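Quick one: this structure, given as structure tokens, is what I'll be asking you about.
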Protein chains: 4
Amino acid sequence: MEVSARGRPRSSDLDQRILAAARDALAAGGYEALSMEAVARAAGVGKQTLYRRWPRRPLLVMDAVLPGVPPGVSPGRGQPDTGSLAGDLAAIVAEQTRADQAVGQRLLRGLVADCLGQEDLTEVLRARLLRPRLRAVGVAAERAARRGELAADVPPALVAEVVAGAMLSRLLLLGTRPDELAFGRRLARLVAHGVCLPASNGAARPPDG
Amino acid sequence: MEVSARGRPRSSDLDQRILAAARDALAAGGYEALSMEAVARAAGVGKQTLYRRWPRRPLLVMDAVLPGVPPGVSPGRGQPDTGSLAGDLAAIVAEQTRADQAVGQRLLRGLVADCLGQEDLTEVLRARLLRPRLRAVGVAAERAARRGELAADVPPALVAEVVAGAMLSRLLLLGTRPDELAFGRRLARLVAHGVCLPASNGAARPPDG
Amino acid sequence: MEVSARGRPRSSDLDQRILAAARDALAAGGYEALSMEAVARAAGVGKQTLYRRWPRRPLLVMDAVLPGVPPGVSPGRGQPDTGSLAGDLAAIVAEQTRADQAVGQRLLRGLVADCLGQEDLTEVLRARLLRPRLRAVGVAAERAARRGELAADVPPALVAEVVAGAMLSRLLLLGTRPDELAFGRRLARLVAHGVCLPASNGAARPPDG
Amino acid sequence: MEVSARGRPRSSDLDQRILAAARDALAAGGYEALSMEAVARAAGVGKQTLYRRWPRRPLLVMDAVLPGVPPGVSPGRGQPDTGSLAGDLAAIVAEQTRADQAVGQRLLRGLVADCLGQEDLTEVLRARLLRPRLRAVGVAAERAARRGELAADVPPALVAEVVAGAMLSRLLLLGTRPDELAFGRRLARLVAHGVCLPASNGAARPPDG
DNA sequence: GTGTAACCGAGACGGTACGTCGAGTCTTTCC
DNA sequence: GGAAAGACTCGACGTACCGTCTCGGTTACAC
């Protein structure tokens, strides 16, 4: 039911030139060096042409550097099934961390910085940075539940939130360090089994208040 | 043995006028509405005077809205000792969430946004937003360890990171919801006891790989 | 074969609004009161728009108050031919003085003050304040030479320089007084006939050394 | 009758340090580079101390670079008496030009630029740049009058004004060129004998209108 | 074909904030 | 009260981007 495309169609060649110019600018001077003005200039493109496609800077940057979701692929693609929740979580953390490092921590921080100020952009950020992680962890948690591994009163969403939150806060605030792999394993173990010794009395898992 | 203060001393009265003007601007239009220009104007102060004290906007905002650390008070002040790690964690999350809500989620996001782009400001952010939380959780974890509640191979810093990360990512990305108290309890229980059912065999706490 | 004007053309309406605002500012507070900032504000125009046309304050002021050379008019327009060099010079001085008084001595001083510090502006000043006077006097001197009135060894340019110099130094330093007309006549006679009594011997006009 | 000097007397050593700093600044970056701020800094002197002595920048510069009038010396010092008005004028122009070149044309233009905008400073400028020249020419003219060389109806002040005006406009606007000596001779001859051929009829010196 | 509508480069435009600079004045402490 | 230091008000500077707009001109589809 799309209204028939009238007028001159957009040149998809320009999309590429613009994205390339954006990536160049990011590589050259980081997120700060990327102004819409500069990108248009470098791409040899009018500002209107740029704004028509990406009305906000973060949207452009996301399309330039974040891996697009390949259409028609199931969300659980590539997710390992190691047989235990702890193993799955460690694998997810490792994979996400690798992806983040490919993009670059500085760039991601700049991007988040530019989104957090406005609610609509924050929502986009959630969609592209946060929700994929929540989903990945959630899927693993649900699999664990089906397997009977998960305690009955633990909502998979909570697990997802804790794991994703730890990943993101490291990425954005703390800074990731080379031993990210080990961190993933520790985090997975913590989430799976908790930090407390099993108490001899039954109080170890009191009912939820 | 500070070098004797030469020249005219800075007027602490102006400090207050500036901070008040900053708070007004924040209250009126949120973080975005606060420009150094506007604050100087509203405070009836030259821009130089403002830049002399707070050379960057986030520094001004932090001093305007974040609770300063009262000098000479032990870092562990006010921390409850509920007798269990889970209880302590829930209390900490509740307290921090309350404090964050007093400042305001929108404002905090704007502030973080303005800092993340530059490393030096990110460091300040760590010092004022992140480390107090890490420290609070760390203290509770160490107390639990002394109590014998904590598993031997769990570093308190990891606990701190996970809990603080979950809090912050909710604050910054997910958005806190009214039932923050319940979230705190759930998070605390998750961290304390994990999400997996205790396995009948001894594999529940395998040694760290 | 000017390259075809690309992009949005400048609005000539804005030119007028800016010049009007400049004249208002000059009328209100003299040269000192005219800041680029104030003109842009008063004209309801962005500063960039102002700087794009007049990148320096003196250039704006000149276009605002100095009579532009009407295109296609011969440079000698309006120059009187009284039949004698002395008469012509007196007429020129009178006319220029009248024009200067129309602009205002204070304003002209401010303008010159703002130009003298930089060589490029001084050159513009020469083009718009000095050279028209040199040309006017030079034309009269050449006419006198053709008429056989001028001594053979007197370069017209020297006459021009002396007369224009006397006018300008009065304007800028000494200050003109109400009897400017009489000054013009005296100056003209001095230049034409010198100040010395004709010597009885032929030494009155010794050859140039 | 001087009121008794109270408090700490001013250190004349500081005067010298300040003047030296001013000269350094002028030498380094021309008139524009000399700000009161910079001079105070370079001289290691408080701004108040500087302003107490030279409340305006041009006053400081004048004292720094213009030859002070040595006290108790007759104003006509060093003025040659060549026996003819033309000779005296040429000598005066030559001497003044030499003095101006010692100070520097760029610096003098900057100085004049800084004075012209305000009437009080313009008056000081007259006193130090213009009147000495007027006086020198005036003295020569009066000597010529006593000698019987000058036409009866020519006021010496007019001669002074024309000669000084020609000198100053060259200095400030036209720019002096290396052949300043020749200019002086030509100017002197022009002023002495005029530019017109003596007419055969008696109309050469018509009575003043 | 000939509208008509959207695209396109270029750059003008109003607006807003930036961070710096200099002029003078004021306020300390020290001498 | 002189002096050094530096805080202070004021206001302009010139630049940079933002996001919108107006040009001349170019495609493409629809009639």
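Computation of the quantities below employed the complete heavy-atom set of this structure, encompassing side-chain atoms and omitting hydrogens, waters and symmetry-equivalent molecules. This one's a predicted model, so the numbers in the text were calculated from it and none came from an experiment. We name chains A, B, ... by the order of the sequence lines, and we start the count at 1 in each one.
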Original post:
Does a side-chain N or O from A:Arg52 land closer than 4.0 Å to OP1 or OP2 of E:dC7, or not?
Top reply: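 So the side chain of A:Arg52 is within the cut-off, an N or O lying under 4.0 Å from OP1 or OP2 of E:dC7.
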
Original post:
Any side-chain N or O of A:Arg6 under 4.0 Å from OP1/OP2 of E:dA6?
Top reply: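 Answer no for this pair, as no side-chain N or O of A:Arg6 is under 4.0 Å from OP1 or OP2.
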
Original post:
Would you say A:Arg53 reaches E:dC8's phosphate, i.e. side-chain N/O to OP1/OP2 under 4.0 Å?
Top reply: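 Yes, because at least one side-chain N or O of A:Arg53 sits under 4.0 Å from OP1 or OP2 of E:dC8.
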
Original post:
A:Leu60 has an atom CG; how far is it from atom C1' of F:dC17, in whole Å?
Top reply: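 After rounding, the gap between these two atoms is 15 Å.
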
**OP:** Report the residue (C:Pro9 or B:Ser11) whose heavy-atom-nearest nucleotide on DNA chain F is the more 5′ of the two.
**Re:**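 Nearest nucleotide further toward 5': that of B:Ser11.
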
Show me the donor-acceptor pairs within less than 3.5 Å that the side chains of residues 23-30 of chain A make with the rest of the protein, sequence neighbours left out.
from	atom 1	to	atom 2	distance (Å)
A:Arg23	NH1	A:Ala64	O	2.7

Subject >> Contact check, side chains of A:Met62 and A:Cys115, non-hydrogen atoms, under 4.5 Å >> reply: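 Answer yes - side chains close enough.
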
Original post:
Should A:Asp120 and A:Arg56 count as side-chain neighbours, where that means a heavy-atom distance under 4.5 Å?
Top reply: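 They are in side-chain contact.
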
Subject >> Distance, rounded to the nearest Å, where C:Gln48 contributes CD and F:dG19 contributes C1' >> reply: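 From C:Gln48 CD to F:dG19 C1': 15 Å.
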
Subject >> Whole angstrom value for the distance that separates C1' of F:dT9 from CZ of B:Arg17 >> reply: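 Atom CZ in B:Arg17 sits about 10 Å away from atom C1' in F:dT9.
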
Original post:
Whole Å only: how far is the CG atom of D:Asp13 from the C1' atom of F:dG2?
Top reply: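 In whole Å, F:dG2 C1' and D:Asp13 CG are 14 Å from each other.
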
**OP:** Go through E:dA23, E:dG14, E:dG9 for me and flag the one nearest to the A:Leu14 side chain.
**Re:**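 Taking heavy atoms from C-beta onward, the closest nucleotide is E:dG9.
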
**OP:** Identify which nucleotide among E:dT27, F:dT22, F:dT27 has an atom closest to any side-chain atom of A:Arg8, counting heavy atoms from C-beta outward.
**Re:**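 So the side chain of A:Arg8 is nearest to F:dT27.
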
**OP:** Kindly point out which of F:dT20, F:dA5, F:dA12 is positioned nearest to the side chain of C:Ser35?
**Re:**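 Side chain of C:Ser35 sits closest to F:dA12.
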
**OP:** For B:Arg41 and for C:Ala43, locate the closest nucleotide of DNA chain E by heavy-atom distance; then report the residue assigned to the nucleotide nearer the 5' terminus.
**Re:**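 Going by which nucleotide is closer to the 5' end, it is C:Ala43.
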
Original post:
How long is the line joining CZ of C:Arg57 and P of F:dC13, in whole Å?
Top reply: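 It works out to 6 Å between those atoms.
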
**OP:** On DNA chain F, check which nucleotide each of C:Gly7 and B:Lys47 is closest to and give me the residue with the more 5' one.
**Re:**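 The 5'-side residue here is B:Lys47.
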
**OP:** Could you note down all residue pairs passing side-chain hydrogen bond (donor to acceptor under 3.5 Å, both in side chains) where residues 27-43 of chain A supplies at least one of them, sequence neighbours left out?
**Re:**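 Qualifying pairs, neighbours excluded: A:Tyr31-A:Asp114, A:Glu37-A:Lys47.
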
Original post:
Rounded to the Å, how far apart are D:Leu50 CG and E:dC26 C1'?
Top reply: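 Roughly 16 Å, once rounded to whole Å.
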
Subject >> D:Val39 side chain reached by D:Val45 side chain, heavy atoms, under 4.5 Å >> reply: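 No, every pair of side-chain atoms sits at 4.5 Å or beyond.
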
**OP:** For A:Thr49 and for D:Leu34, locate the closest nucleotide of DNA chain E by heavy-atom distance; then report the residue assigned to the nucleotide nearer the 5' terminus.
**Re:**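 In this pair, the answer is A:Thr49.
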
Subject >> Nearest-nucleotide pick for B:Arg10, side chain only, options being F:dC8, F:dT27, E:dG14 >> reply: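 From the listed options, F:dC8 comes nearest.
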
**OP:** Report the distance from atom CE of D:Met36 to atom C1' of E:dT25, rounded to the nearest whole Å.
**Re:**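 Going from CE in D:Met36 over to C1' in E:dT25 covers 13 Å.
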
**OP:** Mind calculating the distance between CD (D:Glu37) and P (F:dT9) to the nearest angstrom?
**Re:**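 From D:Glu37 CD to F:dT9 P: 16 Å.
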
